[in-house]
Amino acid sequence: MLGRCAAGVILGLPLSIAVVGMIVLAWPGSSEGVVVPMLVLFFPLWIGVMAAAFLFRSGLRAWGWLGAGNLAAFALLWLVRHQLPGL
């Protein structure tokens with residue numbers, strides 16, 4: 001139980017940041033008008049990831065899946081940022 005909680009708190013934060021970052025980058029037009037709503041969205045998203053960590057059978061699985069999700073999210077964020085310079 002403690003492993004799942006730690007995974008949700010520690011790995012949920014960067015995962016939520018990456019998801020919100022991708023939404024801001026993909027938003028059509030200027031991103032200045034969407035920053036505040038995305039900041040408001042960030043906290044419920046992080047709480048949802050923390051809660052979803054308890055759906056895994058063990059702490060090791062939670063760390064593995066959330067770690068893989070972080071790698072995938074930040075790789076996609078890096079790819080979009082560096083391969084599509086117009087965004």
Side-chain angles (χ1 to χ4, degrees):
M1 179 104 138
L2 187 60
R4 291 181 285 186
C5 180
V9 171
I10 295 169
L11 294 178
L13 176 71
L15 184 60
S16 300
I17 290 171
V19 168
V20 168
M22 283 188 280
I23 292 171
V24 169
L25 281 177
W27 199 263
S30 176
S31 63
E32 289 140 4
V34 76
V35 170
V36 173
M38 289 302 115
L39 285 174
V40 172
L41 173 70
F42 164 76
F43 292 107
L45 183 63
W46 187 20
I47 291 170
V49 171
M50 286 190 286
F54 288 98
L55 296 174
F56 294 103
R57 290 185 191 178
S58 68
L60 186 61
R61 285 183 186 227
W63 279 97
W65 280 103
L66 289 176
N70 272 301
L71 285 174
F74 278 101
L76 183 62
L77 190 61
W78 181 87
L79 185 68
V80 167
R81 187 85 172 133
H82 287 84
Q83 298 301 322
L84 300 172
L87 292 178

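Count residues from 1 along the sequence.
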Nearest-0.5 Å distance that lies between atom [atom1] in [X] and atom [atom2] in [Y]:
{"X": "N70", "Y": "W65", "atom1": "CG", "atom2": "CH2", "answer": "13.5 Å"}
{"X": "L76", "Y": "R81", "atom1": "CG", "atom2": "CZ", "answer": "13.5 Å"}
{"X": "L71", "Y": "L66", "atom1": "CG", "atom2": "CG", "answer": "11.0 Å"}

Common cluster, L45/I47, ILVMFWY with side-chain heavy-atom separation under 4.5 Å: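 In one cluster with L45: I47, yes.
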Please say yes or no: joined through hydrophobic side-chain contacts below 4.5 Å, possibly via intermediate residues, are F43 and I17 part of one cluster?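 Shared cluster, yes.
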Give the minimum heavy-atom separation between [X] and [Y], together with the two atoms involved.
{"X": "G21", "Y": "L77", "result": "C-CD1, 3.9 Å"}
{"X": "R4", "Y": "R57", "result": "NH1-O, 4.1 Å"}
{"X": "G8", "Y": "A53", "result": "CA-CB, 3.8 Å"}
{"X": "F42", "Y": "L13", "result": "CZ-CD1, 3.4 Å"}

Would you indicate whether L79, at its atom CG, is surrounded by more than 12 heavy atoms from other residues, nucleotides or ligands within a distance under 6.0 Å?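 Check passes, neighbour count above 12.
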List, by chain and number, the other hydrophobic cluster members for F54, where Ile, Leu, Val, Met, Phe, Trp and Tyr join if side-chain heavy atoms come within less than 4.5 Å, directly or indirectly.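 Members other than F54 - counting any ILVMFWY side chain reachable under 4.5 Å - are M1.
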By the rule that ILVMFWY residues connect when side-chain heavy atoms come within less than 4.5 angstrom, directly or transitively, which residues belong alongside V35?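 Result for V35 is L39.
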Quick one, I23 and L41 - any side-chain contact, counting heavy atoms below 4.5 Å? yes
Non-hydrogen side-chain atoms of I10 and W63 separated by less than 4.5 Å: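 With C-beta onward as the side chain, the pair touches.
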